[in-house]
Amino acid sequence: MAKAIPLTPSEMFGRWKMLKQAGRHPTTGEILYWVECSCGRRRKRLGSVLRGGKTKSCRKCMLSSRLQDFTGERFGLLLVLGRVPNSSPLTWKCKCTGCGRIRKVAGFNLRSGRSLSCGSCGKRKKHGHARAGAKSYYYRIWARTVHFNRGNPPPPIYRRWRGKGGFIRFLQDVLDDIGPKPEQPGVRFIRLDTSEGFFPGNIAWHVPKPERRKQRLRYNR
């Protein structure tokens with residue numbers, strides 16, 4: 001077995017800085033070294049571990065380097081201001097853009113979408129189009145549209161109209177694309193191209209033309 005070359009002081013291994021020898025390992029007899037991380041922590045490490053690159057910093061620096069920085073990002077109504085120091089689990093200081101309140105939110109709640117507001121501004125508001133026994137025309141065409149799209153391979157826009165909040169997204173897309181329903185009687189919600197499904201760009205309001213009164217033909221005798 002070849003003799004290991006001793007490491008020299010001030011030599012760098014990632015964030016570790018070599019200081020001096022710290023004796024030998026009690027089991028293997030390999031040389032231990034005192035090393036100092038760039039954060040100031042000192043630890044004992046084996047020479048082979050340092051040479052092989054299996055360790056490049058202390059555990060805390062390693063974990064902090066793997067964490068994603070959410071500062072400046074938005075999650076719903078929450079704007080992340082910064083990280084709460086020495087928090088376990090990792091917590092972020094957030095500002096609610098709806099009311100201005102400052103809240104501390106755990107990182108896993110931000111990533112999973114469980115926390116999207118301060119708790120007061122994010123309460124779900126009723127849209128008023130699906131009251132019992134009085135469903136609006138928009139709600140009825142949304143229900144028929146979603147049912148029609150189930151049998152067709154949906155492009156990405158279809159997914160916006162499904163699931164929780166699908167009606168709100170459907171209503172917003174309809175109002176932005178073709179505007180509110182005209183007041184004339186007999187107006188229908190149609191597709192411009194009947195071979196395609198319902199999606200913005202292929203929907204329209206069909207306003208029937210006024211019927212002409214039938215004129216009786218008069219013959220001159």
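With hydrogens and angles ignored, the 3.5 Å screen pairs no side-chain donor or acceptor of Glu36 with any backbone N or O of Arg41. Between the Thr97 side chain and the Leu77 main chain, a donor and an acceptor come within less than 3.5 Å of each other. For Asp193 (side chain) and Asn202 (main-chain N/O), no donor-acceptor pair under 3.5 Å exists by modelled atom type. With hydrogens and angles ignored, the 3.5 Å screen pairs a side-chain donor or acceptor of Trp205 with a backbone N or O of Gly179. The main-chain N or O of Pro180 is never found under 3.5 Å from a side-chain atom of Tyr138 such that the two would form a donor-acceptor pair.
Hydrophobic cluster membership differs between Leu81 and Leu90, with clusters built from Ile, Leu, Val, Met, Phe, Trp and Tyr side chains linked at under 4.5 angstrom. A continuous path of Ile, Leu, Val, Met, Phe, Trp and Tyr side chains, each step under 4.5 Å between heavy atoms, connects Val174 with Val207, placing both in one hydrophobic cluster. There is no path of hydrophobic side-chain contacts, each under 4.5 Å, that joins Leu19 to Ile31. Neither Met12 nor Val49 shares a network with the other; the hydrophobic side chains, linked directly or stepwise wherever heavy atoms of I, L, V, M, F, W or Y lie under 4.5 Å apart, form separate groups for each. No chain of hydrophobic side-chain contacts below 4.5 Å, direct or via other Ile, Leu, Val, Met, Phe, Trp or Tyr residues, connects Val84 to Phe108.
By the 6.0 Å contact criterion, NZ on Lys181 is enclosed, its count of non-hydrogen atoms from other residues, nucleotides or ligands being greater than 12. Residue Glu183 places its CD atom among 12 or fewer non-hydrogen atoms of other residues, nucleotides or ligands, all under 6.0 Å distant.
Smallest separation of non-hydrogen atoms from Asp173 and Pro200: CB-CG, 4.1 Å. Taking all atoms of both residues into account, the shortest heavy-atom contact from Gln21 to Trp34 is O-CD1, 4.0 Å. Val187 and Pro182 get closest at one heavy-atom pair: CG1-CD, 3.9 Å. The minimum heavy-atom distance between Leu192 and Ala204, with the atom names listed, is CD2-CB, 3.6 Å. The minimum heavy-atom distance between Ile203 and Asp177, with the atom names listed, is CG1-OD2, 3.5 Å.
For the atom pair Cys94 SG and Lys104 NZ, the distance stands at 11.5 Å (nearest 0.5 Å). Note that CG of Leu32 and CZ of Arg24 are 9.5 Å apart. Values are rounded to the nearest 0.5 Å. Rounding to the nearest 0.5 Å places SG of Cys118 at 7.5 Å from CG of Leu78. Distance CG/Leu50 to CH2/Trp16: 8.5 Å, rounded to 0.5 Å. Distance check: Cys58 SG to Arg43 CZ gives 6.5 Å after rounding to the nearest 0.5 Å. Note: Thr55 OG1 to Phe13 CZ = 11.0 Å, rounded to the nearest 0.5 Å.
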Intermediate values then yes/no, side-chain contact (heavy atoms from CB on, under 4.5 Å), Ile141 and Phe170
CA-CA 10 Å; Ile141 62 176; Phe170 166 79; 3.9 Å; yes
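Stacking of Lys20 on the aromatic ring of Tyr33 is not recorded, the 6.0 Å distance cut-off and the 45° axial limit not both being met.
Between Trp92 and Phe70, the ring planes are tilted. Angles from 30° to 60° get that label.
By the 4.5 Å heavy-atom criterion applied to side chains, Cys96 and Arg103 are not counted as neighbours.
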